[in-house]
Amino acid sequence: MSKTTQEPLKYDFKAIEAKWQQHWQETKSYKVNEDQGREKYYLLEMFPYPSGRIHMGHVRNYSIGDVIARYKRMRGFNVLHPMGWDAFGLPAENAALKHGVHPAQWTYENISYMREQLKAMGLSYDWDREIATCHPEYYRWEQQVFQQLLKKGLVYRKKTTVNWCDDCATVLAREQVIDGCCWRCDQQVVPKNMYGWFLKITDYADELLDDLDQLGGWPEKVVTMQRNWIGKSQGLACDFQVENEEEKITIFTTRPDTIYGVTFMSLAVEHPLVDTLIAGTEHEQPVRQFIEQTLVEKQRMAMDQEPEKHGVFTGRYCINPFNGDRVPIYVANFVLMEYGTGAVMAVPAHDQRDFEFARKYDLPVRPVVQPEEKLDNNSMEAAWEGDGILADSAEFSGLTSAEAKKAIIAHAEQKGFGKRHITYRLRDWGVSRQRYWGTPIPIIHCDACGAVPVPDDQLPVVLPGSQPPYGSHAPLHQQEAFYTVTCPKCGQAAKRETDTMDTFMESSWYFGRYTGPRADAPIDTEAAKYWLAVDQYIGGVEHAILHLLYARFFTKLLRDLGYLGIDEPFNNLLTQGMVIKDGAKMSKSKGNVVDPHDLITRYGADTVRLFSLFAAPPERDLEWNAQGVEGSFRFLNRVFRLMHSHSDCFAAFDGETGGAALIQVDELSQTDRQLHRKTHQTIQRVTDSIETNFHFNTAISGVMELVNQITAAAGDGAKQPVGQAVLREALQTVLILLFPMVPHFCQELWELTGHNDPLDHHRWPEHDPEAVKEDELTVVVQVNGKVRSRLQVAADIGEEDIKRKALGDERVTNFIGDKAVKKIIVVKGKLVNIVV
RNA sequence: GCCCGGAUGGCGGAACUGGUAGACGCAAGGGACUUAAAAUCCCUCGGUUCUUGUAACUGUGCGAGUUCGAUUCUCGCUCCGGGCACCA
């Protein structure tokens, strides 16, 4: 046993971390290139918005990522692990207004500061691939892709009612409206009519939906959320002829089987036909009044409450093409113009909304789909929305709902008044923003030529004033020098587009840019072919719809433009939980923010990393606990002392092979055998934890157990001496297994224990199945399912022997008494249950 | 309302395909070392009861069920978190 009294060494994390960070930077340890001979692994964490300083969410996200990156490197993979900045966005403009700093300056300064913070965490990035989306060398390629999409008809301009946030003075995509409020500033969103640019994401709706099935490596929850967001419904689009009028009303329904139950028609207040229907009739006034009222109500009403159902009769009728019924046409406040056709065939017996409406305005309720318990229109208190057998539906009577749907659609198609139709909840993506700090949309508006794309050789359209010395950062529509141009086609005076792109555009393809960050094209196709798809993507679940849907969409766009050869960007997705404190999300307003910077200064990066990995599994929320950090720090100190007090056991051996081959399992003493076994069990356990679900918390507790056992076996109070080879193997294993989590610490001790190779590429150990085997185990003896005794037995004991032993146990016989044994269940190596 | 999660000691969390509930850590209590403190080390630690034991009973949100045996499977609830929300 080694016990040289030496000066007590302190775990000087500051010096250790500075030393290795400098070393990694100088030797570019994490720089990678395509290497066809090696298997690649692309690990990506969601890049941060450069808000000023890193927060706990970043620490957690990037700690998790770094463990995986380092682990995979030790597994022999060629690991791409890049970092960059999602650098466009409103906070830069707000900061500019508040502090009089140009958004570009503010952003680049934040990036510099945060880059140092990330380096201080010891994260193993290939910094040569760093990108910032606000840099013209990044967004120029986005502009080029925009032009190419325009050419393909996947980008278009239209005037629509948009969600407008007054505070941010910009349009929001529907995905960015949360509970009727702006996702960023929480202001109530108001409708506004204006022109904007749109990406035809709806063209890809089916593929985005179908390919969700390929995403086996994604959390089921995220897949479901996207599926619901796309919201595909299949049904029938059907024309109802308006009585005494040329016009038809087209409806969409997912329940063609209920079409014989139609008793009225509901139109959205914005429906274009309403005007024609009421013009010059006695109903014109009341209907107009109703529409006006409803529009005001809609604007005022918070989106989270449903207003009561109202409607008004237009005085007109349309004809149900199936049975020739005259159907009264109403305008109703609950019909949405944005979904389907803005017109709904109302079937009160089978739709709850229609039912409420019908009861209110005394309209007939006509059940046509009968469940097992027959519906009666007089006694019904709610609509029956389930399936059933058709009744009162002409030749379709008697069919099931499923059969009837098919038959009725076929009938409509044959007669030519309807057809099978699919509707999506997903809308096209409006990408225009009336802001300064974003990618300029590369278009010139000419009175003669229309919207003309800026020619390729004139790209990028650079944000005016964004280069030092910095100039104006007013929204572009206020910058005359910027928008006054001549038309590239005809040379006449023209106006440059002043909208910038939604910042979600930049983050939709950055993972591709990393594969060839300085390429003279949007994507380095060859490099992308090697590196993509991303093998593991890690980020917050708050991006489950927005970012992840857009990124999937862009992948398909870039594929169809010939840049990428993949359908899906992220093979595996890990959504990490939030970091919370005192049960609530950390936020300035709650005053419960913990600054990682202070912690790193006080305990070092390794301790902070260790705690954030240890406190909870990645997908769960992590409750921050200052005392827990202290505990992680203590653990590292304990390991530090342990290594130092046994450093001499490394001296006599060759550092590379470690002399593990000298260990012969059957020649080991009892103590040695136990420690050797524990060492290999720990290897197995840690490897399993990482491989199956990245549960680093259990991996770490496994190593802690090993450390505890080493201390018990080789510490001051040890009863039996422990062999040098076994001890050395155990100590080395601790360092190797812990390296991905606390890299500076382990590398330093690795060096101290006589090794000079970097742990970065040290082979990850395999457990020896022989070493892991227990030769004795504890078997539980139950009587009627209750634990009554425990037996120490040889691992290879036979079933009969163990039964006999169990029945002979004094505590067991006491419980059995004189009752007859009915049955004995033996689970090998685990337990015996005696049923009496 | 609909769709997903989740609920285990004082706390964070363990427990493989049904088989020893509470690993590991934190906190707490006791002790050693010290003039003292810090640091470190050792012991105890779900609850109740007593006869203080290798004790009994009880215990994984609640109530049933399946099973020799349920934190784990089934059914019905409660509460908490997330998503969607008049989607025809």
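The sequence lines fix the lettering, A, B, ..., with proteins before strands; numbering per chain opens at 1.
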Query raised in the report: With the threshold set at 4.0 Å, does a side-chain nitrogen-carboxylate oxygen contact exist between A:K10 and A:D12?
Result: no
Requested in this report: Answer yes or no on whether A:R353 is positioned over the face of A:F334, meaning its NZ or CZ is under 6.0 Å from the six-membered ring centre and within 45° of the axis.
Outcome: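 No, A:R353 does not sit over the ring of A:F334.
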Any strand counts, and the cut-off is 3.5 Å on both contacts for Watson-Crick or G-U wobble. Which nucleotide pairs with [N]?
N	value
B:C24	B:G12
B:G1	B:C84
B:A56	B:U48

Report task. Would you indicate, yes or no, if B:G81 has its OP1 or OP2 atom less than 4.0 angstrom from a side-chain nitrogen or oxygen of A:R620? Result ->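 So the side-chain polar atoms of A:R620 never come under 4.0 Å of the phosphate oxygens OP1 or OP2 of B:G81.
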Report task. Kindly say if A:N708 contacts the phosphate of B:G25, meaning a side-chain N or O under 4.0 Å from OP1 or OP2. Result ->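 Yes, such a contact exists.
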Report summary line: Sorted by position of nearest nucleotide on RNA chain B, 5' first, the leading residue of A:D354 and A:V541 is A:V541
Requested in this report: Report the residue (A:M704 or A:I825) whose heavy-atom-nearest nucleotide on RNA chain B is the more 5′ of the two.
Outcome: A:M704
Query raised in the report: Starting at CD of A:E630 and ending at C1' of B:G12, how long is that distance when rounded to a whole Å?
Result: 16 Å
Query raised in the report: For B:G29, does the glycosidic angle fall within 90° of 0 (syn) or outside that (anti)?
Result: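 For B:G29, whose glycosidic angle is more than 90° from 0, the conformation is anti.
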Query - Ring-ring centroid check A:F614 A:F635, cutoff 6.0 Å - result: no
Query - Euclidean distance for P, B:U71 against B:G18 (whole angstrom) - result: 13 Å
